[in-house]
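Convention: sequence-line order gives letters A, B, ...; per-chain numbering from 1.
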There are 2 protein chains.
Amino acid sequence: MPANILVVEDEPAIQELLALNITQAGHNPIRALSVEIAQNLMRETIPDLILLDWMLPGMNGLEFARKLKSDSLTKSIPIIMLTARGDEYDKVRGLEVGADDYVTKPFSPRELNARIKAVLRRRAPQMTDDPIEINGLRLDPTSHRVTGNQKSIDLGPTEFRLLHFFMTNAERVHTRSQLLDKVWGDRVFVEDRTVDVHIRRLRNALAVSGHQDLIQTVRGSGYRLSAQHT
Amino acid sequence: MPANILVVEDEPAIQELLALNITQAGHNPIRALSVEIAQNLMRETIPDLILLDWMLPGMNGLEFARKLKSDSLTKSIPIIMLTARGDEYDKVRGLEVGADDYVTKPFSPRELNARIKAVLRRRAPQMTDDPIEINGLRLDPTSHRVTGNQKSIDLGPTEFRLLHFFMTNAERVHTRSQLLDKVWGDRVFVEDRTVDVHIRRLRNALAVSGHQDLIQTVRGSGYRLSAQHT
DNA sequence: GATATTTGTCACGAATATGTCATATTAGGG
DNA sequence: CCCTAATATGACATATTCGTGACAAATATC
């Protein structure tokens with residue numbers, strides 16, 4: 001699926017190059033020569049991704065990134081920073097303010113596209129009411145039913161929400177805190193370890209249809225629903 | 001076909017953004033900066049869909065949604081809630097008061113349009129006067145008669161409406177609040193748990209023809225009429 | 001107006017879900 | 001191969017949700 005990519009770059013030649021790349025990758029570039037222009041454009045279209053030059057006239061890129069990340073409307077838009085220097089220092093500063101990735105100039109088109117693709121892939125899909133099916137495991141939010149290979153699977157409310165979240169965000173590792181935020185909601189105080197228990201209960205229920213190891217544990221990080229294999 | 005979409009959003013910039021989106025999608029935005037303005041506008045035009053911000057000055061969005069859903073004149077208008085947080089918990093709360101969908105800010109225009117389209121498309125089926133038959137259970141709205149496997153089933157008025165609603169919306173989980181809205185109507189001074197009692201009475205009556213477990217309880221969510229094989 | 005039916009609410013027990021702990025097991029570094 | 005931290009698991013107390021019978025008020029029926 002094509003994405004709107006806002007390109008904030010003051011050097012016209014480089015901007016053209018970036019736009020060309022984005023077009024070839026099947027996405028839709030939105031050009032901005034300055035932060036001010038970018039801000040105006042964002043009133044019309046909220047982009048799916050921002051390519052942001054480090055050095056810009058007026059407000060610099062770092063400040064802009066910080067600003068974007070502090071506004072609830074824009075804070076979840078992924079940002080890729082472009083910088084001339086390859087310093088580790090810059091990278092750290094960039095990631096500190098919330099940039100999602102980082103490309104040094106000069107860059108190869110292939111590398112840029114790879115990073116764009118990676119960042120876009122990482123963005124979390126919204127939970128919808130559409131039925132989801134992964135590996136023969138089917139979850140229908142509307143009827144609140146879960147079926148694994150024709151067998152009906154019985155889940156408690158929390159396990160259902162947990163599985164729903166995992167299925168809408170498959171292939172990604174989620175920390176316990178993230179799961180607590182997304183599945184439990186931010187109003188309750190529960191121990192991180194509680195997640196483990198619910199994961200076990202979920203796995204247990206999924207064993208009915210042989211999907212017990214659909215949810216994998218990533219040691220030191222969290223859990224992930226894998227769409228690979230069985 | 002173009003639809004009138006009421007946008008209730010206090011932030012002018014975001015409202016403008018939403019209106020622009022709606023126009024581009026071929027629909028007709030009606031702008032309201034507050035719940036009060038929205039209520040006035042609705043005296044003139046009943047919208048086909050309402051985009052409602054979660055947080056609003058004065059009455060908040062949740063309350064407004066509840067109010068809309070408790071008025072017979074407006075209760076069938078689909079509502080899409082806009083919220084800053086992405087928690088499942090909020091989603092549940094939103095859906096409980098009858099919101100049809102839910103979009104987290106920041107949102108991409110594409111996503112918003114997809115949801116608008118989806119909600120307009122999947123409007124809840126109208127209760128018609130056509131006879132319905134599910135699993136050997138037959139309900140005829142015209143003659144006000146219910147038969148299960150040749151056996152006549154005797155229902156009180158409320159139970160009849162309840163069953164009618166369940167049969168026109170089979171395989172979907174309905175919360176108690178939703179049932180109160182759809183089956184009871186405006187009289188929202190009824191306890192949630194009252195639904196349980198009527199469900200029991202309905203099940204009891206259906207037992208005559210062996211359909212007692214046609215209506216299933218989904219713990220933590222509500223009830224569902226199962227259209228699966230017996 | 002008397003009687004029957006329907007309706008909403010409550011109380012309470014049963015069933016189920018939830019969070020936390022203690023302990024067993026495991027993965028991965030050294 | 002061993003050690004240790006991380007995770008899995010079983011058990012349990014607590015909390016929540018649901019089913020049910022009873023009952024009084026409201027409503028319809030005669």
Side-chain angles (χ1 to χ4, degrees), chain A residues 144 146 152-166 173-207 211-226, chain B residues 70 88-89 92-93 96 144 146 152-165 173-207 212-226:
Chain A
H144 216 274
V146 179
S152 172
I153 292 174
D154 207 32
L155 295 178
T158 306
E159 280 77 44
F160 185 87
R161 273 180 287 136
L162 192 56
L163 179 62
H164 189 191
F165 178 75
F166 269 118
V173 178
H174 307 286
T175 67
R176 292 174 175 77
S177 318
Q178 284 171 342
L179 289 171
L180 284 176
D181 282 349
K182 301 287 188 179
V183 178
W184 270 255
D186 51 4
R187 60 176 44 205
V188 274
F189 169 72
V190 272
E191 298 286 326
D192 267 19
R193 293 269 137 226
T194 299
V195 174
D196 297 29
V197 179
H198 282 272
I199 291 281
R200 167 164 88 46
R201 286 170 182 160
L202 178 54
R203 281 175 175 156
N204 225 297
L206 293 181
H211 288 94
Q212 63 281 108
D213 43 272
L214 193 68
I215 288 166
Q216 309 173 331
T217 119
V218 180
R219 190 161 252 260
S221 299
Y223 297 93
R224 163 184 58 197
L225 185 146
S226 165
Chain B
S70 68
E88 264 304 279
Y89 180 76
V92 171
R93 296 250 340 249
E96 257 174 15
H144 219 264
V146 179
S152 172
I153 292 173
D154 198 35
L155 294 178
T158 306
E159 280 77 44
F160 184 85
R161 272 180 289 134
L162 190 57
L163 181 61
H164 189 190
F165 177 75
V173 175
H174 307 285
T175 67
R176 290 174 176 78
S177 315
Q178 285 172 342
L179 289 171
L180 284 177
D181 286 344
K182 304 281 187 179
V183 178
W184 271 254
D186 304 341
R187 304 160 59 184
V188 229
F189 310 106
V190 179
E191 297 288 324
D192 267 20
R193 297 286 269 103
T194 298
V195 175
D196 296 30
V197 179
H198 282 272
I199 291 281
R200 163 162 133 332
R201 286 168 183 162
L202 179 53
R203 279 176 176 156
N204 230 303
L206 293 180
Q212 63 281 108
D213 43 85
L214 192 69
I215 288 166
Q216 309 173 331
T217 124
V218 179
R219 220 153 219 279
S221 297
Y223 296 95
R224 164 187 61 199
L225 184 145
S226 167

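The distance between atom NE2 of His144(A) and atom C1' of dT17(D), rounded to the nearest whole Å, is 14 Å. The separation between Gln212(B) atom CD and dT20(D) atom C1' is 16 Å, rounded to whole Å. Straight-line distance from the CG atom of Leu202(B) to the C1' atom of dT6(C): 15 Å, rounded to whole Å. Distance, Asp196(A) CG to dG19(C) C1': 12 Å, rounded to whole Å. Tyr223(A) places its OH atom 6 Å from the P atom of dT7(D), with the value rounded to the nearest Å. In this structure, Ile215(A) places its CD1 atom 13 Å from P of dT9(D), rounding to the nearest Å. Counting to the nearest Å, the C1' atom of dG19(C) and the CG atom of Leu162(A) are 15 Å from each other. The CZ atom of Arg200(B) sits 17 Å away from the C1' atom of dT17(D) (whole-angstrom rounding).
Side-chain proximity of Arg176(B) to dT18(C), dC18(D), dG10(D): nearest is dC18(D).
By the ring-ring contact (aromatic ring centres under 6.0 Å, His included) test, His164(B) is found to be paired with no residue, residues two or more places apart in sequence or in another chain being considered. Remark: Gln216(B) pairs with Arg224(B) by the side chain to side chain donor-acceptor pair (under 3.5 Å) rule, at least two apart or across chains. Under the salt bridge (charged side-chain N to carboxylate O under 4.0 Å, His left out) criterion, Arg193(B) pairs with Asp196(B), not counting sequence neighbours. Scanning for side-chain contact (heavy atoms from CB on, under 4.5 Å) contacts around Asp192(A) gives Arg176(A), Ser177(A), Leu180(A), with sequence neighbours left out. Taking the ring-ring contact (aromatic ring centres under 6.0 Å, His included) definition, one finds that Tyr223(B) meets it with nothing, sequence neighbours left out. With sequence neighbours left out, His174(B) forms a side chain to side chain donor-acceptor pair (under 3.5 Å) with no residue at all. Legend: residues meeting side chain to side chain donor-acceptor pair (under 3.5 Å) with Ser221(B), ordered by chain and number and at least two apart, are His144(A).
Helix bend of the helix from dG1(C)-dC30(D) to dG30(C)-dC1(D): the angle between its two end axes, each built from five pairs, comes to 40° after rounding to 10°.
For Thr158(B), a side-chain nitrogen or oxygen approaches OP1 or OP2 of dT7(C) to under 4.0 Å. Between Trp184(A) and the phosphate of dG19(C), there is a side-chain N or O to OP1/OP2 separation shorter than 4.0 Å.
Nearest heavy atoms, Trp184(A) versus Leu162(A): CZ3-CD1, 4.3 Å. The two residues Pro157(A) and Gly220(B) make their nearest non-hydrogen contact at CG-CA, 4.2 Å.
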Atom pairs and distances, side-chain donor-acceptor, residues 198-206 of chain A, under 3.5 Å, sequence neighbours left out:
{"from": "His198(A)", "atom 1": "ND1", "to": "Glu159(A)", "atom 2": "OE2", "distance (Å)": "2.6"}
{"from": "Arg203(A)", "atom 1": "NE", "to": "Ile215(A)", "atom 2": "O", "distance (Å)": "3.1"}
{"from": "Arg203(A)", "atom 1": "NH2", "to": "Ile215(A)", "atom 2": "O", "distance (Å)": "2.9"}

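Here the side chains of Leu163(A) and Leu225(A) are in contact, with some heavy-atom distance below 4.5 Å. Looking at heavy atoms from C-beta onward, Val173(B) lies out of side-chain contact with Thr175(B) at the 4.5 angstrom threshold.
Toward the 5' end of DNA chain D, the nearer of the two residues Asn204(B) and Gly222(B), judged by each one's closest nucleotide, is Gly222(B). Nearest-nucleotide mapping onto DNA chain D: of Val218(B) and Ser221(A), the residue sitting toward the 5' end is Ser221(A).
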Could you pull out the protein-nucleic contacts involving nucleotides 20-25 of chain C (nitrogen or oxygen on both sides, under 3.5 Å)?
{"from": "dT20(C)", "atom 1": "OP2", "to": "Glu191(A)", "atom 2": "N", "distance (Å)": "2.8"}
{"from": "dT20(C)", "atom 1": "OP2", "to": "Thr194(A)", "atom 2": "OG1", "distance (Å)": "2.8"}

Which pairs, protein N/O on one side and nucleotides 26-30 of chain C N/O on the other, fall under 3.5 Å?
{"from": "dT26(C)", "atom 1": "O2", "to": "Arg219(A)", "atom 2": "NH2", "distance (Å)": "3.2"}

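Below the 3.5 angstrom threshold, one finds no donor paired with an acceptor across the side chain of Arg203(B) and the base of dG19(D).
Within the nucleic acid shown, Phe160(B) has no heavy atom closer than 4.0 Å to any nucleic acid atom.
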